[in-house]
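Quick caveat: nothing in here was measured; it's all calculated off a predicted structure. Just so we're on the same page: letters track the sequence lines, and every chain starts at 1.
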2 protein chains.
Amino acid sequence: MRSTEAGNGRQGAGGPGNRVTIAEVAERAGVSTATVSRVLSGRGQTSAEMQRRVRRAADELGYRVNSIARALRNSRTDTVGMVVPSITNPFFTSLVESVEHALGREGKELFLCDAQSDPEVEARRLASLVARNVDGIIVSPSHGTASGAAVQETADRLPLVQLDRFVGGTDTDWVGVDDIAAMRQVIDHLHDGGARSAAFVGSQLTNSSTEQRLAGFRRRAAERDLTVLEDWVLLGDYTVEFGEAAVARLARMDALPDAIVCADDLIALGVTRACRAHGIDVPGRVQVTGFDNIEFARLGEPALTTVDQPRDRIATEAVRLLAAAASAAADGGERGPCAHIALIPSLVVRDSTRAPAPRERPTDH
Amino acid sequence: MRSTEAGNGRQGAGGPGNRVTIAEVAERAGVSTATVSRVLSGRGQTSAEMQRRVRRAADELGYRVNSIARALRNSRTDTVGMVVPSITNPFFTSLVESVEHALGREGKELFLCDAQSDPEVEARRLASLVARNVDGIIVSPSHGTASGAAVQETADRLPLVQLDRFVGGTDTDWVGVDDIAAMRQVIDHLHDGGARSAAFVGSQLTNSSTEQRLAGFRRRAAERDLTVLEDWVLLGDYTVEFGEAAVARLARMDALPDAIVCADDLIALGVTRACRAHGIDVPGRVQVTGFDNIEFARLGEPALTTVDQPRDRIATEAVRLLAAAASAAADGGERGPCAHIALIPSLVVRDSTRAPAPRERPTDH
DNA sequence: CTGAAAGCGCTAACAA
DNA sequence: TTGTTAGCGCTTTCAG
């Protein structure tokens, strides 16, 4: 009998249904299960001799901890659940990547779920994460109101932080970007490039991102005296297709705006594509901006000017908040007030907008 | 005391650490825990009266099953694990979406992990899925050889099916597409469009997809007398950046091929973009093809001709195989021979290739 | 049809 | 330092 397990594809210890338990390891090592547990989980004091014997026995038997049993005992799974509105949206997958990295640093794993942009699916996913005793939940709610009940109910049971989007009427931690500030940068940049009127293309106002971005857009446009016709505010969903449809509609109107501000990059990609199809020069005739800075943003023709979300920072803060909430809950406490962290994003200027018209500046003396 | 839970954000039953157990429900209902279990899990016979009383008590207390405990008892979690090489690759996310749908029909959930294109991370993810007692694993191995040990070791412990890619030297079920047949279609189409020479741009030969696709490319190119200079086979990785770099290299050579066949759409997107940058007309001077038919394929300039993978079908077959393996393992059996299912993909013709030159055809009489 | 009780695999008091 | 033992919350024989 050899101590190595891999290789020939069907060996003794393998095969489903006969997993080695701590008791078998204990027997083989001639010690108690408690000692095995202490050695293998690294808690408590053990002699070097015991360590050797236990590890050896465990290796020989091919022992693997059963984290289900461990979780039942510890009521802690070292697993965090994450729910995103749509796993096919590149922004969310890159956010997931950042969260995974942040969690990895804490020795935790991620259990990712896709809400398929449907609050009901989302509610089921949240419930099943709760049932599986994840240590905390990170959620980007798919709907600005309909997601409320499920999110709040989940937050009442375990640490939860909302990411990027948030849902009204809930009382939980949140980390995201300051959409108002982002739109200020966008509008100012467009204005510097000569735009005096602008359209807005976003999703329906069923999530906080669009709401905030539209609000920010309106406010700053007014401040900079940009013309915004009501017909130029087009709301659909976060897809390339809708971006294309929006341009088709704009093209049928009497006047074209100087700029089209999009609530995310997918829409913006659709917009630039459709502009090309309609023979509308970007940025010559119309400037276009996106939001999120997904990987494909630079692939648009022309490459998209967009708002870069500080994903790593967002993820780090979220994980930190989760850990704080978990330890607060552990030593008994009432949950304190919720944190709302709004990070300031930065504008990434590419070819879909015009370079700012040169303005008089004080020269270096 | 009310029976509703949601609403004010901090109510009695809520808060971490005090979950309702089946024993409390039993007490309130004035029955045994066994009866509660029978009612709530729907197994075994129970009178209507009991059902009512138990459910009522459960509702009032806000009981939720603890699936950790249930899993420990049942040694079944109704959860399937999935590991993909890179969660930021749109092909894999859409595959994940298909798998989720297929699993949803079986009442199972998905636990998704990202291997970050690193066999070591992949091995850790696999191990932790095993430790968490998932009922089965779906994996697209990140490396054609280095992933072998971990994949095989996992497969020895529980039902596992490889998806899309597979790793050499393993003995597990596999579902994917017939890359050789796919390349036959690609080459024939390019030839019909007048191409007489072709380059190939793919990742390093560290995964089965590229290996197979290059092999299929070479074979069919030879059969159709397409010229393939050795310098025209460029291997890097599955990224837009590499596609761009490949064109830069090709552009420095003496002769340009009539066509560039890419091993996936990300590369192809990079290739078309770089061609534009280098002033190489697509498809006028060079035809370009991709592979996978990701959503962004149609957004290239020009839109990409590519090979469409039948994701839903792949996912369905994978889930079926997993279920079969699970039930085979349940009634004790040795695992039977492995299934290798290669589906035939279809070519999606768009603007990055030329329409076939009109050929003589028998006219309808 | 219902209840009592054993135990899934692991860990943490408490004893020795 | 090590062993003994009592559960974590659930399901499921086996009696009644």
Side-chain angles (χ1 to χ4, degrees), chain A residues 16-55 57-58 61-79 128 130-135 157 330, chain B residues 16-55 57-58 61-79 128 130-135 157 330:
Chain A
N18 50 359
R19 269 178 64 162
V20 180
T21 74
I22 212 174
E24 300 171 59
V25 176
E27 184 175 13
R28 178 164 192 126
V31 299
S32 74
T33 60
T35 301
V36 175
S37 172
R38 278 190 281 255
V39 171
L40 266 26
S41 64
R43 292 180 220 273
Q45 305 297 316
T46 47
S47 68
E49 164 64 7
M50 279 297 141
Q51 307 239 5
R52 235 184 25 72
R53 266 168 54 195
V54 169
R55 282 192 204 293
L61 265 36
Y63 171 82
R64 309 286 191 102
V65 66
N66 179 337
S67 6
I68 293 290
R70 172 179 285 178
L72 178 60
R73 178 60 229 223
N74 290 346
S75 51
R76 203 167 50 78
T77 53
D78 291 322
T79 302
S128 90
V130 172
R132 276 180 175 65
N133 297 40
V134 293
D135 297 342
R157 289 166 188 281
Chain B
N18 51 357
R19 268 177 65 160
V20 180
T21 73
I22 212 174
E24 300 171 58
V25 176
E27 183 174 15
R28 180 168 191 121
V31 300
S32 74
T33 61
T35 301
V36 175
S37 172
R38 277 191 281 257
V39 171
L40 265 29
S41 64
R43 291 180 222 273
Q45 305 297 317
T46 46
S47 67
E49 164 63 7
M50 281 296 147
Q51 306 238 5
R52 234 183 27 71
R53 266 168 50 195
V54 169
R55 281 191 205 294
L61 293 165
Y63 171 82
R64 309 285 191 100
V65 67
N66 179 337
S67 13
I68 293 289
R70 173 179 283 177
L72 179 59
R73 178 61 228 223
N74 290 347
S75 52
R76 204 167 48 77
T77 53
D78 291 322
T79 302
S128 88
V130 171
R132 278 181 174 64
N133 296 38
V134 293
D135 297 341
R157 289 167 188 280

Output the single nucleotide from D:dT1, C:dG9, D:dT12 whose closest atom is nearest the side chain of A:Gln45. D:dT1
Does B:Thr35 have a side-chain nitrogen or oxygen under 4.0 Å from the phosphate oxygens OP1 or OP2 of C:dG3? yes
Do side-chain atoms of B:Arg53 reach the backbone of B:Ala29 as a donor and acceptor pair under 3.5 angstrom? yes
Between P on C:dC10 and CZ on A:Arg43, what's the gap in Å once rounded to a whole number? 14 Å
Counting the atoms with a prime plus P, OP1 and OP2 as sugar-phosphate, which does B:Ser67 contact under 4.0 Å by heavy atoms, base, sugar-phosphate, or nothing? nothing
Please determine, for the side chain of B:Ser32, which listed nucleotide (C:dG3, C:dT2, D:dT11) has the closest atom? C:dG3
For D:dT1, does either OP1 or OP2 sit under 4.0 Å from a side-chain N or O belonging to A:Arg38? no
Measure from CZ on B:Arg70 to P on D:dC8 and round the result to the nearest Å. 18 Å
When you check the phosphate oxygens OP1 and OP2 of D:dT11, does a side-chain N or O of B:Thr33 lie under 4.0 Å from one of them? no
Would you give the length of the straight line joining atom CG of A:Asn133 to atom CG of A:Asn74, rounded to the nearest 0.5 angstrom? 11.5 Å
Do B:Ser41 and B:Arg70 have side-chain heavy atoms sitting under 4.5 Å apart? yes
If only atom types and distance count, is the side chain of A:Thr46 paired as donor or acceptor with the main-chain N or O of A:Val39 below 3.5 Å? no
Whole Å only: how far is the CD1 atom of A:Ile68 from the P atom of D:dT11? 14 Å
Backbone N/O of B:Thr77 and side chain of A:Arg132: donor-acceptor pair under 3.5 Å: yes
When rounded to whole Å, the CD to C1' distance for the pair A:Glu49 and D:dT1 reads 13 Å
Is B:Ser75 close enough to C:dC8 that one of its side-chain N or O atoms is under 4.0 Å from OP1 or OP2 there? no
Nucleotide nearest B:Ala69 when distance is taken to its side chain, options C:dA12, C:dG3, D:dG9: D:dG9
Rounded to whole Å, please give me the gap between CZ in B:Arg132 and P in C:dC10. 14 Å
Has the side chain of B:Arg73 got a donor or acceptor atom sitting under 3.5 Å from an opposite partner on the base of C:dG9? no
With respect to the side chain of B:Leu72, which nucleotide from D:dT11, C:dC8, C:dT2 is positioned closest? C:dC8
